[in-house]
Every structure is written in C-alpha cells, then in structure tokens.
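Everything on this sheet refers to the single structure shown next.
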There are 2 protein chains.
Amino acid sequence: MVDTPSPREPSPKDPSAKEPKEPKEPKESSPEEPTLEEQIAAYQREFKDLDPQVEQVVSALGRLHRRMNVAYGRQTATLGISNAEWEVLKGLVLSGAPYRLGPGELAKSLCLTPAAMTHRIDRMVTEGLVTRERDETNRVRVIIELTDAGREKWLEAMRLATVFEEELLQDLSDEERGALGEMLTRLLRRVEES
Amino acid sequence: MVDTPSPREPSPKDPSAKEPKEPKEPKESSPEEPTLEEQIAAYQREFKDLDPQVEQVVSALGRLHRRMNVAYGRQTATLGISNAEWEVLKGLVLSGAPYRLGPGELAKSLCLTPAAMTHRIDRMVTEGLVTRERDETNRVRVIIELTDAGREKWLEAMRLATVFEEELLQDLSDEERGALGEMLTRLLRRVEES
DNA sequence: GCCTTAGTCTTTAGCTTCGAAGTTTAGGGT
DNA sequence: ACCCTAAACTTCGAAGCTAAAGACTAAGGC
C-alpha cells in the first residue's frame, strides 16, 4: 500500500479573518517538520553505526513518495474523483481493451482485499465510471467494465499526471533519468526476489 | 501515509491441508500482478505520448515503496509492535534527549491528525512504550515521554531495518548510492518547493 | 444423482483514520 | 475583575480497510 492513504490537508483557514496586529513571533524555532538533512543528522546522532548514504536514499524515497501522493490527490480532486478511484481506473485501462475485469483480479492488481473492491465499485457504479454485471456463462463471476465516461476520466487524470511528473523530473538530464530508473528497477528486483 | 497502511498478507493458508493430487495447472497465464515491464508496456499501449523513462522512474518508485513497507511491517511484527507504533518511536527518538514531545508535535512530524495521535498513544501507553503526563507549568500541554522499554524497541527495530536496507542496496556501488541519494533529494526539493 | 470441494463475490465486525465540534487552559484587552 | 481569543488535546461521527464468515456456483468423486 498501499498505499493510498488520503493525505491530510492543513485546512486552509479562512484568510479573511482579522489580521493580527503583530505577526506574533514564530515562537522561536518551530520544530514542526524537520527537513531531510536535519532528520539524517538526528539519525546519526542517535544511532552511531548508521550509513548516511543508505539513510539518505531510504529517507528521501519515503518522503518523495508521500509528497507525490499528496500532489496526485490534489489533481484527481480537481477531476471530481478520489485517488482510490483513479487507481481502479488505472487497473482497468492497463488490462487492455475491452477493459473488463473481475473484482478479484482488480483487487490483486491494486493490492487490496476483495471486500474493499466491492465497496469501491459500489461507489464508482453510482458515479457512472464503471458498470457491474454478472457473467451469464459463468454465474459465479462478476464483470466490471469501464464506461466511456470512466475512460475519459482516466485520460484527463493521465494528462495531469504526466505534466506533473515531467515537472518533477525537470532538473534531471536524460542520462540521469535513465540511470535513476535503472537503479530503482534494480532495487525493486532485489526486494521482489526475497 | 500515507502512510503506513498495514499491507495485506496473502493469508498463508494452512499448509497441513491435504496436498492436491495434481498441482493443478496454473490456469494458463495468471494475470495476477503485472510485472513492472508489462505495466510500462501497457501504459505506452494505452497512452501514446508517454515518456517511458519518466514512467519507469515513477512506477518503480511507487512499487519499491510499497514492497519496502511490507518488509518493514514483517520486521516490526517480530518485535511485537506495528508499523504505526514504530513511526511514533522514530518521531520521539529523533527529537533528541530527553525524548519528550507533545501529541501535536508528534502528529505533525508523522503527517497525522492530532485525533489519530491520541489513539495511538493510548495503545502505546498501555504497552509501556511511552508515558503520558500533563505539564504542571502549563496545564494545557501534554507530554509524551519515551520509556526505556520504548527506546529499546526502537533500537531493535533500527538494527533490523539497517540490515534490510543494506541488503536492499547491496547491488549498488558506493558511487551509485551517492548518485541515487543525490538525485532523489533533488526531486524532493523540487516537489517541496511547489 | 447426491455430496464434497474449490472458487468468487458479498456481508459483517472491528480497527484506524480524518474532519469537526467540544473542553480546558493561558494570555491580553477593557 | 471579567471576558475574549487562541492554543492544545480529546471526543464524536463518518469513511475506508482488513480478516473472517457467509452465500452462491461450478466441477468432480462416490
């Protein structure tokens, strides 16, 4: 998860409230959210035999993933769907035409339990993104099929996502992008083998 | 976390059950969980103007994070704590001696709501990992303090985690590790700026 | 032909989280 | 002195997920 916990928004707080006469000193050193460097320094302070190189990779990776999910969430929200629903659309589209899958297969590809799929599909059917029907040749199976509206939503979300991802990687050269992807893939293979 | 959704275990299924006479053909092509390469190929098939390099970075990153969380979860489970509790211990230790923080500060450093912290702390107090007491000089504040047992748990978890992380990165040379960490940090900075 | 076994989806109960309202305390203005 | 606002935590209600149990269907042995 997997992960798709909807991240917390700081609750923007009506800015029309009266402006405080004095901005009120930031309290002295707000320990709100330590930066990455501070966090790694703290780790070294508290745990002597720690490889800072390894820690930097692991910590940056975790933070990056969290921030990206927040960004994706903001984008899908503008389309009127949740991050969770976007994941379902992804699963269906990636299965290829004619975009039909059973709830169980969808659940596997999203690393969810079948029970969770049942409820997600309930919502998405009422929103017109997918249809649910029983397979008449094998009445045990249920078939979820992407609607045209669902496919269109997926396309819009993809367009937003690719723009964001391109911005994210704008500081990396082509060689760097290739090297980064290759190294991440190597790590993934290592962890999937065990 | 976003983060820390407890991942689903495939439910090991009692192995003492009778062995099927024939292992029963894998059904022909189990589309269970597409591999990374298959997934990227599917994306290109369904969305023509997609940069495969970018997609590889993004997809590998997401998968890697999920697998790592599963691995961490297995480790903390052997210590008798959950991934969520481990995060709280991390937050306290990283704040430095004397390992005291308010629930609100803890919540911020973990990207959770204060409400969630209240419940997590309830559990951890009964398990003896932390103590909760009111600050006598400012009776609004509550102070969560790490116990010796809690600190010991954190140390054990750190030892397991560092072993795992070292294994994860074993295929990367020192230069590669440095480059990887630096690139991830650059991406993080980019996304944190906006 | 019946019955067991396995497979697929849904339902139920419990847990964790979030958002919002509620409670208690501190500090400042009148 | 009183009250008002802000801050910090807790409580409440709703939503989502998981694991386990339930219902229904297909397939195969006796």
Salt bridge check, A/Arg123 against A/Glu127: does any charged N sit closer than 4.0 Å to a carboxylate O? no

From CD of B/Glu85 across to P of C/dT17 the rounded distance in Å is 10 Å

Winner on side-chain proximity to A/Val140, out of C/dC18, D/dC9, D/dT25, is D/dT25

Heavy atoms only, 4.0 Å cut-off, all strands: where does B/Ala116 land among base, sugar-phosphate and nothing? sugar-phosphate

Whole-Å distance, B/Arg141 CZ to C/dG27 P, equals 12 Å

To the nearest angstrom, the CG-P distance between A/Asn138 and D/dA26 comes to 6 Å

Closest to the side chain of A/Thr113, out of C/dG19, D/dA19, D/dT10, is D/dA19

Side chain A/Glu55, main chain A/Pro52, donor-acceptor under 3.5 Å: no

Exercise for review: For B/Arg123, report the nucleic acid contact type (base, sugar-phosphate, nothing); a contact means any heavy atom under 4.0 Å.
Suggested key: sugar-phosphate

Here the distance between atom P of C/dT10 and atom CG of A/Leu106, to the nearest Å, is 12 Å

Would you please say whether a donor-acceptor pair under 3.5 Å links the side chains of A/Gln56 and B/Arg177? no

- [ ] Classify the angle between the aromatic ring planes of A/Trp154 and B/Tyr43 as parallel (below 30°), tilted (30 to 60°) or perpendicular (above 60°).
- [x] parallel

B/Ile144 atom CD1 is separated from D/dT10 atom P, nearest whole Å, by 7 Å

Atom NE2 of B/His119 and atom P of D/dT11 are separated, to the nearest Å, by 8 Å

Whole-Å distance, B/Arg139 CZ to D/dC9 P, equals 14 Å

* Indicate yes or no for a side-chain donor-acceptor contact from B/Glu105 to the backbone of B/Gly102 under 3.5 Å, with no hydrogens or angles considered. => yes

Checking D/dA26, D/dT10, D/dA19 against the side chain of A/Ala115 (C-beta onward), the nearest is D/dA19

Side-chain atoms of A/Arg132 come closest, of C/dT10, D/dT10, D/dA7, to C/dT10

Taken to the nearest whole Å, CG/A/Leu112 to C1'/C/dT8 is 17 Å

